[in-house]
Every structure is written in structure tokens, then in C-alpha cells.
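Since we're looking at a predicted model, the values are computed, not measured. Chain identifiers are assigned alphabetically (A, B, ...) following the order of the sequence lines, protein sequences preceding nucleic acid strands; residue numbering begins at 1 within each chain.
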There are 2 protein chains.
Amino acid sequence: MAATIAKRQANRLPALLDAAAAHFAERGYHATTMRDIAQEAGVTPGAVYFHVPTKQALLLAVYAQGVDRIIGRFEKALEGQRDPNIRLRCAIMAHLEAILDASAYARVIVRVLPEDIPEATNELKLQRERYESRLRSLLAEVDLPAGRDPKLARLMLIGALNWTPVWYRKSAGSLDGIVNEYLASFGLSPTPLAGK
Amino acid sequence: MAATIAKRQANRLPALLDAAAAHFAERGYHATTMRDIAQEAGVTPGAVYFHVPTKQALLLAVYAQGVDRIIGRFEKALEGQRDPNIRLRCAIMAHLEAILDASAYARVIVRVLPEDIPEATNELKLQRERYESRLRSLLAEVDLPAGRDPKLARLMLIGALNWTPVWYRKSAGSLDGIVNEYLASFGLSPTPLAGK
DNA sequence: AAGCTTGCTAAACAATCGTTTAGTTAGCTA
DNA sequence: TAGCTAACTAAACGATTGTTTAGCAAGCTT
């Protein structure tokens with residue numbers, strides 16, 4: 001009974017989203033075709049439209065999950081951490097792990113810009129804002145050096161973080177060096193890794 | 001005679017590159033069609049192929065000029081500046097001006113990533129490297145705070161710079177605030193604007 | 001067993017893509 | 001003036017795009 005249900009409504013939507021995320025993350029939105037996605041998911045192009053009305057809706061679904069996953073790793077990394085500096089460190093590390101290793105969904109957020117799809121720009125920006133507001137409150141906790149603008153500092157950090165996939169190669173050592181460097185740009189010493 | 005020559009070989013290639021740069025910068029490579037470019041240049045799609053063999057070649061030409069223009073503004077801004085910190089400040093400002101206001105060509109460098117066009121990735125990376133090596137030698141002059149890695153610091157700066165178009169709005173004040181913030185991330189005081 | 005719903009396939013749809021082709025015009029040369 | 005070349009235009013090319021359609025098989029319901 002449970003097996004038949006599992007077989008029946010055999011929820012292929014997650015698999016379709018996975019396939020879409022993988023392609024959107026690697027090739028971008030416009031360079032990805034519905035046939036690409038269907039093939040990776042092991043179905044016919046027509047079948048995709050049983051689950052999703054348009055290609056744009058597919059992107060929006062992936063985008064929303066991408067933000068969810070980044071925030072998720074975020075909260076998990078912050079759990080139990082009290083020191084604001086360490087919290088920031090954990091957040092940076094979580095973001096980097098998400099977009100560099102863990103999740104194609106998270107990489108889509110970084111690879112596909114809202115402006116790339118004019119008809120969906122507002123919706124995409126809204127999703128992105130969910131994440132950025134979370135980062136904003138986190139940075140508000142930190143004592144920035146004198147003269148630093150929290151808003152600009154945050155935007156700078158996001159830029160640095162999101163550009164990382166452009167140059168990062170997995171072979172080149174751990175993420176700690178990168179995290180420390182980004183922390184140092186806020187005048188924060190790299191040493192407090194005692195948090196873990 | 002000179003007039004007829006001017007009319008005859010009426011070099012439309014620059015106009016075509018302008019049109020291509022404008023569209024590539026605003027919509028990206030894949031979302032831009034040859035018909036878009038032709039229309040903006042005021043010619044027939046077929047005419048484009050008299051001057052350029054393929055769409056990819058068009059991008060490469062725009063890309064090369066984009067790097068040229070960034071470097072050009074770069075050198076001009078650095079002219080006569082001796083203080084390494086001020087030189088860095090001028091370079092950051094020049095970069096931001098180039099990609100935010102001045103040149104669609106420069107914006108293409110930031111908007112279209114080498115990985116977006118797999119068949120041209122290497123060539124595009126080569127162009128990009130011309131600029132980054134210039135920035136590398138510039139950052140080598142600067143005395144970074146203890147514990148900073150020059151390479152990572154440079155990559156962080158490039159990331160922050162190139163992500164700026166994503167959030168920057170022209171209405172929101174001058175670029176000085178942004179430049180100062182980026183400088184501050186290197187532990188450099190914002191004050192030495194006496195350079196101008 | 002009959003009928004309905006869910007989830008798909010195979011095939012086609014019109015539109016649009018990068019690109020090509022054939023023909024045309026204007027100016028230069030001789 | 002005749003011919004040549006540079007610089008196009010108009011139209012079409014085949015391929016690919018996002019999407020739709022018609023049909024079918026399997027399970028659920030009654």
C-alpha cells in the first residue's frame with residue numbers, strides 16, 4: 001500500500017529540480033534546455049510539463065530551494081555559537097561550502113543573476129533578499145573597525161563570496177585560508193577557530 | 001577623396017562592436033541574438049557576417065576591447081601617482097568607473113564569464129588574465145597588514161569589484177564611499193584623497 | 001469489470017536561433 | 001563607359017528552442 005503509493009505518485013519533481021539545478025548551476029539558465037533537464041532526470045521532455053508549467057517556474061523553484069539550503073547550512077553552522085566574530089566566521093564558511101561543494105541549488109543563486117531573466121527579476125531578487133537580510137542581521141552583531149560602513153561591508157563580503165566560484169579550484173587546499181582572509185578584511189583575527 | 005574613402009569603407013565594425021557590447025553587457029551572451037545586434041547597429045543580420053565570422057568572434061572582439069579599456073583607464077588613473085596606497089585607490093576607482101558608468105565593453109568582462117561559452121573559455125580567460133596580472137603587480141606594491149595573503153586579498157578585491165554592478169544603483173551617491181570601504185578592507189585609511 | 005485519474009511517451013508545433021546564399025547598389029579603376 | 005570590388009539587402013536555410021497534443025498504460029475507486 002505504502003509501496004504502491006510510493007510508486008504511483010513517484011514524486012519525480014525533486015529529481016527534476018535536481019537535474020535543473022545541476023544544469024542551471026553549471027551552464028547557466030539560457031544555455032540549459034528543457035531537453036537537457038529531461039534527459040538528466042530520465043524522462044521525456046513532455047513529462048517535465050506534467051510537473052512544472054514553464055522553464056521559468058523551474059528556475060524559480062530551484063532558486064527558492066537554493067536560498068533555503070544556504071540559509072539552512074547557515075543556521076546549522078551558527079547553532080550554539082555565541083561569539084559574534086565566530087558566528088560570522090561560521091556563516092562565511094557555511095556559505096562557501098554551500099556554493100563550492102555541497103549544493104548545485106546554492107550555486108544557482110550565485111551563477112544565475114536576477115537580471116538574466118527580465119520577466120522573473122523581481123521574484124528572483126526577493127528570494128535573494130531572504131538570504132541577504134539574514135547576513136545583514138549577522139553582521140550587525142559584529143564590532144566593525146572604526147569607519148567601516150556595515151552596509152557596504154556586507155555588500156563587499158557578498159561580492160567576494162559569490163565571486164569565489166569563478167576562481168576557486170577544489171584541489172587548492174582547504175577553505176580555511178579563504179575564510180580567514182575574508183575575516184581579516186573586517187579586521188578580525190583569524191585565530192579563533194576554537195569554536196568548533 | 002578622403003570623404004569618399006570614409007564613406008566607402010565606412011568602417012561599420014566599431015559600430016557593430018558597440019552594439020554587441022551594449023547587448024552582451026545588459027542581457028548576457030546567450031540572451032543576445034545576432035538580430036538584436038544588427039538592429040541596434042542599423043543593419044541587416046546578414047551584414048554582420050560581412051564583418052565578423054561568428055557570434056563567438058564578436059564576443060571575443062568585445063572582450064578584448066573591454067580588457068583594453070579597463071586597463072586603459074587604469075593606467076591613466078595611475079599616471080604620476082607614486083604612493084602605493086594612492087595608486088591602489090586610483091585603480092579601484094578606475095575599475096568601478098569603468099564597469100559602472102563608462103563602458104559597456106568593460107561591463108561585458110564582468111557580466112559574461114568565460115565558463116558561459118565553453119568553446120571560448122580559454123580565450124576569454126586569457127583576456128581576463130591580462131587585467132588581473134596588472135592588478136596583481138599593483139597590489140604587490142602595497143604594504144598589507146600582517147597575516148594577509150596577497151593572492152587571496154586580490155581575488156577578494158576582484159570579487160567585490162565585479163559583484164558591484166549587481167547591487168549598485170547610480171542614484172545612490174558617489175563612488176567614493178565604495179572605494180573607501182574596499183580600501184578599508186585592506187587596512188588602508190580612506191583619507192588620502194589628496195592625490196587628485 | 002467499468003471508469004477515472006495519474007504519470008507518462010512519441011510526435012509534432014510554431015517560433016526563433018545562428019548562419020548562408022543569391023542578388024543588388026554604389027563607388028573606384030582603367 | 002565597362003568592369004571590378006566592397007558593402008550591403010532580402011530571403012531563406014536547417015537546427016534547435018519552449019511548449020503542446022494525442023494517446024496509452026497502470027493503478028485506484030466503485
Same cluster or not: A/Leu96 versus A/Val166, using hydrophobic residues (I, L, V, M, F, W, Y) connected whenever any side-chain heavy atoms lie under 4.5 Å apart?
yes

Nearest-angstrom distance from the residue atom CZ of A/Phe50 to P of D/dG23:
18 Å

Answer yes or no for A/Lys55 and A/Tyr49: cation-pi contact, defined as NZ/CZ to six-membered ring centre under 6.0 Å and angle to ring axis within 45°.
no

Phosphate contact (C/dC8 OP1 or OP2) by A/His51 side-chain N/O below 4.0 Å
yes

Would you indicate, yes or no, if D/dC8 has its OP1 or OP2 atom less than 4.0 angstrom from a side-chain nitrogen or oxygen of B/Arg12?
yes

Quick one: A/His30 NE2 to C/dT16 P, roughly how many Å, whole number?
15 Å

Which sits closer to the 5' end of DNA chain D, A/Thr33 or A/Ala47, going by the nucleotide each is nearest to?
A/Thr33

Taking atom P of D/dT19 as reference, at what distance in whole Å does atom CD1 of A/Ile37 sit?
10 Å

To the nearest angstrom, the NZ-P distance between A/Lys55 and C/dT16 comes to 15 Å

Distance, rounded to the nearest Å, where A/Met34 contributes CE and D/dT19 contributes C1':
8 Å

Output the rounded distance in Å from CZ (B/Arg35) to P (C/dT20).
13 Å

Give B/Thr44 one of three labels, base, sugar-phosphate or nothing, depending on what nucleic acid heavy atoms sit under 4.0 Å from its own.
base

Separation of atom CG in A/Leu16 from atom C1' in C/dC8, rounded to whole Å:
12 Å

